[in-house]
Amino acid sequence: DTGVSQNPRHKITKRGQNVTFRCDPISEHNRLYWYRQTLGQGPEFLTYFQNEAQLEKSRLLSDRFSAERPKGSFSTLEIQRTEQGDSAMYLCASSYTSGGTDTQYFGPGTRLTVL
Amino acid sequence: DAKTTQPTSMDCAEGRAANLPCNHSTISGNEYVYWYRQIHSQGPQYIIHGLKNNETNEMASLIITEDRKSSTLILPHATLRDTAVYYCIVRVRAAGNKLTFGGGTRVLVKP
């Protein structure tokens, strides 16, 4: 079990540019979650997938944000036309469930800085 | 999900037990209590969770009151590496539900 991995760990970009982050969940985990965390705050939910299906999206996920999970394995989160307010830590978590509750395990995060 | 209330910060001595309280007076019967911690600049780390019985694992113990309106996370022998923000989260007993993080308790373990 290698844990959840995220790449890149850090990203600095200029306002208006597009960025894409990748999350590799724990092997065999069928659920994958994205959260965003700004400085001094707790993580906030963005969206989650069960296998390849995106089942819920937060109102925080504006039209500039898109997430995919092709083939139900890794996931990507893309932000188009970045704004300074997008600067945050983007966290990915994965879990396994066959019904009932599931425990989410987090990756190290990708820290985005928009200049 | 029910709201939780935690102290903003607390200090504890290295080697001593750290008792972290959490109030969740509006918890429903189908809601679990989860604890995560986040060490500076890292992703949250799962610690433990419970429904109504006390739970123990290699990291900590979780004590839930009989009325389930509050709980205490116990770190039996705090080390400097336990310095972190600890989040108490109440979550509906159903797969796929998001975690709703509050402000957490900033715990500083001192030598």
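Remember, it's a predicted structure, so these values are computed and weren't measured experimentally. In what follows, chains are A, B, ... by sequence order, proteins preceding strands, each numbered from 1.
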> Please walk me through it: do A/Phe106 and B/Tyr46 pass ring pair (Phe, Tyr, Trp, His ring centres under 6.0 Å)?
Replying inline: CA-CA 8 Å; A/Phe106 284 81; B/Tyr46 166 76; over 10 Å; no

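Within a 6.0 Å sphere centred on CD1 of A/Ile12, heavy atoms belonging to other residues, nucleotides or ligands number 12 at most. Environment of CG in A/Leu39: sparse, with no more than 12 heavy atoms of neighbouring residues, nucleotides or ligands closer than 6.0 Å. The number of heavy atoms from other shown groups lying within 6.0 Å of CZ (A/Arg64) is above 12. Within 6.0 Å of the CD atom in A/Gln80, the count of heavy atoms belonging to other residues, nucleotides or ligands exceeds 12. In this structure, A/Asp63 places its CG atom where only 12 or fewer heavy-atom neighbours from other residues, nucleotides or ligands lie under 6.0 Å away.
Two different hydrophobic clusters hold B/Tyr36 and A/Tyr96 under the rule that ILVMFWY side chains link at heavy-atom gaps under 4.5 Å. Residues B/Ile47 and B/Ile74 do not share a hydrophobic cluster, clusters being chains of Ile/Leu/Val/Met/Phe/Trp/Tyr side chains in contact below 4.5 Å.
Using a 4.5 Å cut-off between heavy atoms, A/Pro108 contacts chain B through its backbone alone, with no side-chain atom that close. If you measure heavy-atom distances from B/Gln45 to chain A, you find no contacts under 4.5 Å at all. For a residue to count as touching a neighbouring chain, one of its non-hydrogen atoms must lie under 4.5 Å from one of that chain's; by this rule A/Gln37 touches chain B with the side chain only. Residue A/Gln50: no heavy atom, backbone or side chain, is found under 4.5 Å from chain B.
The aromatic ring centres of B/Phe101 and A/Phe45 sit 6.0 Å or more apart.
Between the CG atom in B/Leu99 and the OH atom in A/Tyr35 there is a gap of 4.0 Å [rounded to 0.5 Å]. In this structure, B/Gln38 CD and A/Met89 CE are separated by 7.0 Å, a value rounded to the nearest 0.5 Å.
A/Phe49 forms part of a hydrophobic cluster together with A/Val19, A/Phe21, A/Leu32, A/Trp34, A/Leu46, A/Leu60, A/Leu61, A/Phe65, A/Leu77, A/Ile79, A/Tyr90, A/Leu112, A/Val114, judged by ILVMFWY side-chain heavy-atom separations under 4.5 Å.
Checking side-chain atoms of B/Tyr87 against main-chain N and O of A/Pro43 turns up no donor-acceptor pair under 3.5 Å.
Contact count versus chain A (heavy atoms, under 4.5 Å) is highest, among B/Ser41, B/Gly104, B/Gly103, B/Gly43, for B/Gly43. Chain B forms more heavy-atom pairs under 4.5 Å with one residue of A/Leu91, A/Thr103, A/Leu55 than with any other, namely A/Thr103.
Under the 4.5 Å side-chain criterion, counting only non-hydrogen atoms from C-beta, B/Arg91 is in contact with A/Gln104.
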